Amino acid sequence: MRIASDMIYKQLSRSLKDNLSKLNDINTQLSSGKKINMPSDDILGTLKAMDYKLSISQNKQYEQNITDSTNYLSYVDTVLTQTSETLLSLTKQTSDSSGTAEDRAYYATQATALRDTLLDLSNSVYLNSYIFSGSQSDQQAYVYDAGTYQYVYQGDDQQMSVPIGTGMTSMTINVVGNSDNSAILTPFSYALQAAATTTLSDGSVATYTPVLDPIHNSTIIQVGITNAANPGENDTFSFSNVMDMANLMSHAWQYQDVDVTKSLTAQQSMNRIEVVAGALDKTQNQLLTVQGQVGLRQAQLSDQKSKLDANTLTQQNSLSQTEDADMNETIIDLQMVATTLNALRSAAANIISKSLFDFLK
Amino acid sequence: MSITGIFNIGISALNASQTQLSVTSNNIANQTTPGYSRQEVVLDFTTPVLQAQGFIGQGVSIAGIKRQYDSLLQNQINQTQQDYGKSSTLSQTLSSIEQIFNEAQNLGLATPLADFFNAWQGVASNPQGLTERSLVLQKSSALINSAQSMERGIQDNLKYNENEIAGLTDQVNSLSTDIARLNDQIAQLEAGSTTTTANDLRDQRDAALKELSGLIESSSWENKDNGSLTVTVGMRNLVSGNTTNTLSAVYDKEGNYNLQLDGQDVTSRITKGEMGGVLTARQDIEENLHDFRKLVASITNTVNLQHAQGYDLDGSTGNNFFNPLGLTVRDYSSGADLTATITNYSQLTLDEYSVQFNGANYEIYNKGTGALKTSGVYIPAGTTINLEGIRFVISGAVTDQDSFTVSPLTTAISNFGTAITSPREIAASGTLAGLPGDNTNALAVAGLMNSQVTALDSSTFSDYYQSLVGQTGTQSKVASDELTFADNFLSNLNNRRDSISGVNLDEEASNLIRFQRTYQAGARLIQAADEIFQTLLQL
């Protein structure tokens, strides 16, 4: 092939251009630490990397949700433990049914105090929300209605679930104060599905009936005590939660009804305390179950968090393998290109300056 | 055989060497001139004269000056130059579009999109929390800013691309004028001769044609009678003899440049050269912009529809989270009028529509697919059509040429913004009014991130966006691969051309000495003849 002088120059400048552009690519990889710097460097890799990044970002959010929920649940757990202890103190009173007037006055005061503690606990606030009010979290869970002498639940039984995994796997987090749904266990009341009867220690029969309280539109437990031998000792009263129970007790120790206007006989009072003691037991059991549920949720969350952590780590590894440059390889490439470039330059210095004219005298 | 014969032969030798020396020096001088073809003197012996002793030569004559040139190769170069011009422009433009969607460097929409929906999960974990609610507003404005600055970037590129068309048109016209002028000169210089060619002018014209080929898809042929070149673009004459037609860039109805030559629209016939690259880039970018707007429009609409089902902290419901989509109507009619309103956002398919008229009927087409959506009798007093959540009201006199386009996408990004301003207005609650602790609607909105959207061909937002990133990346990759190929091919062709037409200094140097020696020998010949004459005269 005939070679024109210009061809040599053009070939040279082309080779220099190619090598410099390779050098630039390697330099970009070294400075960013990534082998993909534009989607067109590796389209499939870019799209995969986007998938990994999306999963990582979503996992982080799930982990954040889990952390928030765990904190919330440990607070609920603390409140429930305190509630349980308070109920225990209340139940202790009931074992002593033959106390003196002083004892009873003391018990009455203590029951009142415990009732108020329970009310405080049921109205616990976490991050500006009443935790036991369901979705009515801007309202106190329980308030005292002075008109009916009852503690009234203001919340609902809305279950709040929080996403904790891909595909929107979610988990119920909150605990509600009261619910008519027997599937939802509540810490401050127990659900009575159908009428029941028990025989009290004095032989009277206590009948428990769930009735709808038309004023507050909620189900309460109506108790009727019938003493066949002595109808004068018959009694009816109602309650729906632990505050009501404590309130009934505190008044019963003083031989009074909750509205104070009606006084009770000693037997009526003791019967009431016996009924309430039973109810407290049931509530205590239910509370422990709820506490167990909370513990279970915490364990599940912690499990899920470990899974997410492991998953994130895998994704990060894959991401790194997809988009990160292999430094050793890149530096070897750099040296190869640099060597080629040097050789090219020194060859060029020899070639371009020479022609026959240089040798003619 | 006379002594003067020797003189004449000597003079012919001097003439020939002198011409060879000037051609050689011209070669040396033009060694780096682009498009220059090496020239060579073609020598011939003169007709010998019959003497008594036999035929005796009469010296050397110059048959012509030939340029070393391969016209087939030159044609191939011109063709490849067209491919090169296209792919270099295309690769440059599409690579800057790719940079806008450069998820490899975390530029683009993926991060703000994921953050936005993650923030809704934050609200779901604490629906009453104002901090979590404010975060949703912050993340949504980050999403909006990203989308808008990306759209601006795309539009800037479109605008720059559009200006290129005007600039290229000027360059094409200036080159076509050059070619016409050279045609004229070549025809004049070569007139009446079958052997003499205007070598340097032809080199100039070849160079101009090569440059033109880089700019625009064109074809050319030489007129055998007068050597002038005819150049056509889009099957219309650009240059014919010494006359030219002006290529002009004219705005069409949509505000894009169309190319006209000799009274005809040639835009669609130009697929190569820089102009072809610019026109292809325009198509690609518009497609990307359309898809990107569709993504944002579907985010807006889907989030709005879900948000409107929820209740905010003050019990208000039915509210949009983002500004609702609006319709843009383009009127390509003389006297008719069309108003379009969105009547049902949940029925929107996010397609663009083209309204056309056919005799007494109206026809509404899906602008993207070209499918006929509905048609009916047109009543000039006022026709109301309800289609896919949009109410079209058309009135006025129409002709078959009249048309309208209706698009929910045009302003989807420029109007992208939050409709609510306060964190309290975020509708996280899903059941009854005023339930601050309810998170069902926030959960539903957060879940939209992973839901398949019908308007996006049943893919999720992030999948659709990924395919958009893949699309811009592939476009850029294909263009740069084509560029590499065209560049290598062109360089190979140029090498072959240089191998034939290029100047080699060594060769010229040896020629220089050779022709110098011939000249000296010729001079010696004359001297010898002179001495013979002297001898003769002194007898």
Side-chain angles (χ1 to χ4, degrees), chain A residues 1-7 9-11 14 32 34 36-47 49-51 53-54 57-58 60-62 64-65 68-69 72 127-130 133-139 155-156 158 160-163 166-168 170 173-174 323 355-357 359-360, chain B residues 31-32 38 95 98-99 101-106 110-111 114-115 118 121-122 124-130 313 429 431-432 434-440 443 446-447 449-450 462 465-467 469-470 472-474 476-477 480 491 494-495 498-507 509-510 513:
Chain A
M1 189 177 181
R2 182 179 172 275
I3 303 295
S5 307
D6 229 23
M7 286 165 72
Y9 295 95
K10 281 182 188 160
Q11 183 61 42
R14 223 179 126 72
S32 68
K34 289 180 178 172
I36 305 177
N37 289 288
M38 289 280 269
S40 55
D41 289 345
D42 178 358
I43 292 163
L44 222 58
T46 309
L47 299 186
M50 286 177 73
D51 268 338
K53 284 181 202 164
L54 181 65
S57 138
Q58 288 187 330
K60 277 195 181 137
Q61 181 61 43
Y62 294 137
Q64 182 61 46
N65 294 349
D68 289 350
S69 303
Y72 173 88
L127 290 178
N128 292 325
S129 300
Y130 291 97
S133 299
S135 61
Q136 312 266 23
S137 57
D138 59 340
Q139 309 215 25
D156 54 31
Q158 176 86 35
M160 193 177 91
S161 57
V162 169
T166 341
M168 298 302 278
S170 54
I173 298 300
N174 69 334
E323 64 169 16
S355 84
L356 184 55
F357 286 104
F359 299 96
L360 295 173
Chain B
Q31 188 224 335
T32 53
R38 176 172 61 103
S95 143
E98 185 194 7
Q99 186 59 37
F101 290 90
N102 193 354
E103 287 295 339
Q105 291 175 356
N106 288 335
T111 314
D115 284 354
N118 282 346
Q121 284 189 26
S125 344
N126 184 15
Q128 214 182 333
L130 287 179
L313 277 182
S429 171
T431 42
L432 282 165
L435 296 185
D438 181 42
N439 69 351
T440 46
L443 276 182
M449 178 68 177
N450 297 318
S462 52
Y465 178 66
Q466 274 191 19
S467 68
V469 172
T472 57
T474 312
S476 160
K477 173 82 174 142
S480 85
S491 144
N494 275 326
N495 256 346
D498 283 350
S499 172
I500 296 167
S501 306
V503 176
N504 180 332
L505 280 183
D506 290 344
E507 194 177 72
S510 62
I513 295 161

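This is a predicted model, so every value here is computed, not measured.
Looking at A:I36, the atoms closer than 4.5 Å to chain B (heavy atoms on both sides) sit in the backbone and in the side chain alike. Contacts of B:S462 with chain A are made by side-chain atoms alone, with heavy-atom separations under 4.5 Å and no backbone atom involved. With a threshold of 4.5 angstrom between heavy atoms, B:I513 approaches chain A through side-chain atoms but not through N, CA, C or O. Heavy atoms of A:Q64 lying under 4.5 Å from chain B are absent altogether. Contact annotation for B:T440: only side-chain heavy atoms (C-beta onward) come within less than 4.5 Å of a heavy atom of chain A. Using a 4.5 Å cut-off between heavy atoms, B:S480 makes no contact with chain A at all. For B:Q99, the parts sitting under 4.5 Å from any heavy atom of chain A are the backbone and the side chain alike. Both the backbone and the side chain of A:S161 come within less than 4.5 Å of a heavy atom of chain B.
A:D41 contributes atom CG, which lies 8.0 Å from atom NZ of B:K477 (distance to the nearest 0.5 angstrom).
The shortest distance between side-chain heavy atoms of B:D498 and A:K10 falls below 4.5 Å. The side-chain heavy atoms of B:Q121 and A:V162, taken from C-beta on, include no pair separated by under 4.5 Å. Residues A:L356 and B:S510 form a side-chain contact, since some pair of their non-hydrogen atoms from C-beta on lies under 4.5 Å apart. Between A:R2 and B:E507, some side-chain heavy-atom pair lies under the 4.5 Å cut-off. Side chains of A:M160 and B:D438 form no contact here, defined as non-hydrogen atoms less than 4.5 Å apart.
Defined by atom type and a distance below 3.5 Å, a donor-acceptor pair is present between the side-chain atoms of B:N118 and A:S57.
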Would B:E103 and A:K53 count as a salt bridge (Lys or Arg N to Asp or Glu O under 4.0 Å) here? Give the steps. CA-CA 10 Å; B:E103 287 295 339; A:K53 284 181 202 164; 5.4 Å; no

